[in-house]
2 protein chains.
Amino acid sequence: MTNIRDIARESGYSVSTVSRVLNHRKYVSPAVRDHIEQVMQQLNYVPNAVARDLSSGHTKKIGVALAMVAHPYYTTLVKGITKAAFEEGYQVTLLPTDYDAKLERRYLEQLRQHAFDGLIFTSHSMPISEIAAAQAFGPVVVCQDPGSVTIPAAFTDRQASYHEAFAWIRQAGYQRVGLMLPRDPNVSATASAMVQAYTSVIGAAPAAELTWIGSMAYADGLKAGALFAANGADFVFANGDDIALGVHDYYQQNNLPLPGLMGQENQVSSALLGISTIDHHFQAVGRAALALATGAKTGQIKIASDFIARPYYC
Amino acid sequence: MTNIRDIARESGYSVSTVSRVLNHRKYVSPAVRDHIEQVMQQLNYVPNAVARDLSSGHTKKIGVALAMVAHPYYTTLVKGITKAAFEEGYQVTLLPTDYDAKLERRYLEQLRQHAFDGLIFTSHSMPISEIAAAQAFGPVVVCQDPGSVTIPAAFTDRQASYHEAFAWIRQAGYQRVGLMLPRDPNVSATASAMVQAYTSVIGAAPAAELTWIGSMAYADGLKAGALFAANGADFVFANGDDIALGVHDYYQQNNLPLPGLMGQENQVSSALLGISTIDHHFQAVGRAALALATGAKTGQIKIASDFIARPYYC
DNA sequence: CCTTGACCTGAAACGCGTCCCACAGCTTAC
DNA sequence: GTAAGCTGTGGGACGCGTTTCAGGTCAAGG
């Protein structure tokens with residue numbers, strides 16, 4: 001491998017001058033520049049990226065910790081992060097966690113070792129306080145509401161849109177509203193926001209027999225459909241459009257009269273079913289997270305969700 | 001930032017000894033090891049990852065060039081790559097290309113600069129010959145059949161399963177078989193493999209009015225449904241389960257008698273519709289691609305697709 | 001008693017750019 | 001005329017580990 005010193009020696013100029021040519025800086029006479037460039041070409045020289053990183057003190061890489069690599073929620077987030085990163089000259093390194101706190105800590109340690117310029121947790125199993133403490137190692141960003149903990153965060157503000165959604169459901173006259181939650185509301189901020197909005201708008205806590213916990217994908221909707229049908233739900237508010245589609249398909253496959261439906265995430269499926277949904281703008285969350293990770297922005301960035309009302313025809 | 005020399009000075013030992021402690025190597029007396037470890041703790045020392053990379057000559061990072069970050073095909077591939085990378089101690093850096101050859105070249109250049117230890121093209125817009133030439137810069141892997149070009153490649157061997165699929169269709173007695181192709185068969189290996197198998201098994205080239213080109217997602221199936229319905233298709237073989245679902249939904253939404261259906265990629269949707277599909281094992285392709293990129297394996301790795309026959313009830 | 005070799009430790013080169021500082025030559029300004 | 005300032009170049013320290021090689025100690029084998 002030929003290096004910058006080889007070029008210096010071969011061209012008869014100093015390393016500093018070669019470096020100036022390399023970085024297109026002033027204070028190099030055109031003749032010298034040409035000559036050095038020629039030598040670089042001849043010797044087939046390319047600067048070493050790692051040496052540059054070491055010398056310049058940054059890697060222009062952002063680590064993104066992901067519980068699941070291929071889940072639509074994460075991929076949308078990653079898409080936003082990656083696009084923004086590209087525009088800012090950063091690259092994204094995928095760090096699979098599989099919800100394992102041990103791995104999360106390992107990545108934090110890597111941040112400390114300057115393997116990345118910043119670290120984004122799209123989800124986290126470690127206590128948030130511990131993550132906050134790790135800010136001493138470098139920029140750490142979470143993608144959930146950190147509550148009172150002081151840490152850069154980018155997340156969706158779901159309150160307003162959930163309220164709108166339930167107000168819509170109420171106004172439409174539905175009486176037995178089924179709820180599909182991703183995880184236990186004691187653990188998941190998303191789930192608890194849904195329950196809160198329900199309680200606040202409907203005026204009572206959701207009934208247990210109309211609440212399904214642990215829905216991630218289409219198949220869960222299909223399973224939950226049985227529960228809702230058995231308990232006489234006249235409406236189902238799912239935590240994802242594809243999940244709502246699953247519910248829809250359960251009723252349809254069993255030739256049951258369809259309940260009202262509402263999804264989330266504004267995917268194709270809701271548009272096609274013609275059901276209302278909520279766009280959480282995950283891509284925008286990703287972009288915001290990146291801006292926080294690079295230090296372009298600071299503090300907490302809330303992205304407002306949008307309730308998208310659609311007439312239900314099916 | 002405290003570095004290895006600080007530890008050496010502070011502990012009263014040499015840099016070499018500290019390095020030995022750091023890397024858990026032999027030939028350090030327990031007492032010295034303890035002492036140095038204590039000093040490291042006191043000074044809050046962590047080795048610099050970039051310096052290590054520079055010194056050791058590798059980054060343990062594999063670049064993955066992606067045309068689309070959030071598309072199911074790519075995310076499945078990335079999942080396989082990422083899992084395998086994790087097991088081998090490598091990390092994955094996402095490189096968005098958006099089908100832009102200029103960007104692809106830029107990533108190749110970064111490989112040359114030793115920014116990654118290897119580069120995987122999940123798709124490519126550059127001519128394959130040019131990519132093959134770039135092997136001089138380091139391990140480059142493609143995820144498509146490279147034909148006669150000599151380059152490490154991991155891809156699915158679709159021939160056998162496509163033949164099985166068409167044989168199944170034929171045996172079932174379908175007469176007017178619609179075909180949905182991702183891209184023009186003159187450009188896309190996938191599309192041309194489908195057409196070839198069709199022609200070979202059915203005994204004639206697919207009819208133009210029963211061929212849809214350019215299907216990527218559910219919505220395309222929905223659109224294509226109109227074409228097939230208008231032209232009296234009694235079967236549709238789509239290039240994706242979700243796409244097949246789109247076709248299904250078109251017919252259903254228009255209260256038309258459903259045609260036979262077959263998808264690809266073995267997603268939930270085909271299982272739920274109960275239609276046959278083909279599993280291309282993209283995750284396995286990803287794993288294989290990683291093994292090629294790290295140099296653990298060489299040559300070309302074909303992953304056989306599996307035809308999964310299911311009775312069609314709907 | 002001498003050789004062999006495992007065990008400890010250190011000096012210094014190496015991987016490779018970047019950047020600050022110094023200095024020479026030349027021009028513009030007062 | 002001379003101080004001030006810009007241009008063009010070079011020297012060398014710096015960022016930070018890893019690794020080779022040399023040298024010394026000490027115990028086992030012959």
Side-chain angles (χ1 to χ4, degrees), chain A residues 1-37 39-40 43-61 89 109-117 137-138, chain B residues 1-37 39-40 43-61 89 109-117 137-138:
Chain A
M1 273 297 88
T2 127
N3 63 35
I4 198 171
R5 271 163 252 268
D6 295 333
I7 303 300
R9 192 175 346 96
E10 210 62 27
S11 67
Y13 289 90
S14 71
V15 169
S16 322
T17 302
V18 176
S19 177
R20 271 180 221 112
V21 172
L22 225 44
N23 295 289
H24 308 105
R25 266 206 261 289
K26 293 204 303 181
Y27 304 138
V28 183
S29 72
V32 173
R33 170 160 277 141
D34 282 358
H35 178 215
I36 291 179
E37 273 170 352
V39 174
M40 296 198 300
L43 297 193
N44 202 20
Y45 168 75
V46 273
N48 181 301
V50 182
R52 274 188 156 165
D53 285 350
L54 173 61
S55 188
S56 63
H58 54 67
T59 63
K60 289 285 179 175
K61 286 202 157 64
E109 192 60 23
Q110 290 191 12
L111 175 68
R112 195 179 173 205
Q113 299 179 350
H114 297 275
F116 327 113
D117 288 354
F137 305 161
Chain B
M1 275 295 88
T2 125
N3 63 35
I4 198 171
R5 271 162 252 267
D6 294 334
I7 303 300
R9 193 175 344 97
E10 210 63 28
S11 67
Y13 288 88
S14 72
V15 170
S16 328
T17 303
V18 176
S19 177
R20 271 181 220 111
V21 172
L22 224 44
N23 295 289
H24 307 102
R25 265 205 262 288
K26 293 204 303 182
Y27 304 140
V28 183
S29 71
V32 173
R33 170 161 276 141
D34 282 357
H35 178 215
I36 291 179
E37 272 170 354
V39 174
M40 296 199 300
L43 296 193
N44 202 20
Y45 169 75
V46 273
N48 181 301
V50 182
R52 275 188 156 166
D53 285 350
L54 174 61
S55 189
S56 63
H58 54 66
T59 63
K60 289 282 177 178
K61 286 201 157 65
E109 193 59 24
Q110 290 191 13
L111 174 67
R112 194 179 173 205
Q113 299 180 352
H114 296 275
F116 326 112
D117 287 355
F137 305 161

Between the protein and nucleotides 20-24 of chain C, which nitrogen or oxygen pairs come in under 3.5 angstrom?
none

Collect all protein-nucleotide pairs involving nucleotides 26-28 of chain C in which both atoms are nitrogen or oxygen and the distance is under 3.5 Å.
none

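For the pair B/V15 and A/S56, both in contact range of DNA chain C, the more 5′-proximal nearest nucleotide belongs to B/V15. Across the interface with DNA chain C, nearest-nucleotide mapping of B/S55 and B/S14 shows B/S14 to be the residue nearer the 5′ end.
Across all non-hydrogen atoms, the minimal contact from B/V18 to B/S11 is CG2-OG, 4.5 Å. Taking both residues in full, the closest heavy atoms of B/D117 and B/K60 are given as OD2-N, 2.8 Å, listed atom of the first, atom of the second, then distance. Considering all non-hydrogen atoms of both residues, B/V21 and B/E37 come closest at CG1-CG, 3.8 Å. Between B/H114 and B/T59 the shortest heavy-atom distance is O-CG2, 3.5 Å.
With sequence neighbours excluded, the residues that form a side chain to side chain donor-acceptor pair (under 3.5 Å) with B/D6 are B/R9. Scanning for side-chain contact (heavy atoms from CB on, under 4.5 Å) contacts around A/V32 gives A/Y13, A/T17, A/V28, A/S29, A/I36, with sequence neighbours left out. Residues meeting the side-chain contact (heavy atoms from CB on, under 4.5 Å) test with B/E10, sequence neighbours left out: B/V39, B/L43. Under the side chain to side chain donor-acceptor pair (under 3.5 Å) criterion, B/Q110 pairs with A/Q91, not counting sequence neighbours. Remark: B/R52 pairs with B/L22, B/N23, B/P47 by the side-chain contact (heavy atoms from CB on, under 4.5 Å) rule, at least two apart or across chains.
Distance check, rounded to the nearest 0.5 Å: CD of A/E109 to CG of A/L111 gives 9.5 Å. With rounding to the nearest 0.5 Å, the separation of CG in B/N44 from CZ in A/R112 is 4.5 Å. Between A/R20 atom CZ and A/S14 atom OG the span is 6.0 Å, to the nearest 0.5 Å. Distance check: B/Y45 OH to B/M40 CE gives 7.5 Å after rounding to the nearest 0.5 Å.
The NE2 atom of B/H114 sits 10 Å away from the P atom of C/dG17 (whole-angstrom rounding). When rounded to the nearest whole Å, the span between CG of B/L54 and C1' of C/dG15 equals 5 Å. Rounded to an integer number of Å, the gap from B/R33 CZ to C/dC8 P is 9 Å.
Side-chain atoms of B/K61 and A/V50, non-hydrogen and from C-beta on, never get closer than 4.5 Å to each other. The side-chain heavy atoms of B/N3 and B/N48, taken from C-beta on, include no pair separated by under 4.5 Å.
Residue contacts for A/V18: at a heavy-atom cut-off of 4.0 Å it reaches no nucleic acid atom on any strand shown.
Chain B approaches DNA chain D over the interval D/dC16 to D/dT19, counting the first and last nucleotide 5' to 3' with an atom under 4.0 Å from its heavy atoms.
Scanning residues 4-13 of chain A for heavy-atom distances under 4.0 Å to DNA chain D yields A/G12, A/Y13. For the contact set between residues 21-30 of chain B and DNA chain C, defined by any heavy atom under 4.0 Å, the members are B/K26, B/Y27, B/V28, B/S29.
Remark: the backbone N or O of B/A51 is not paired with any side-chain donor or acceptor of B/S55 at under 3.5 angstrom.
Residue pairs that meet the salt bridge (charged side-chain N to carboxylate O under 4.0 Å, His left out) test with at least one member in residues 22-33 of chain A, sequence neighbours left out, do not exist here.
Between its two ends, the helix from C/dC1-D/dG30 to C/dC30-D/dG1 turns its axis by 30°, counting five pairs per end and rounding to 10 degrees.
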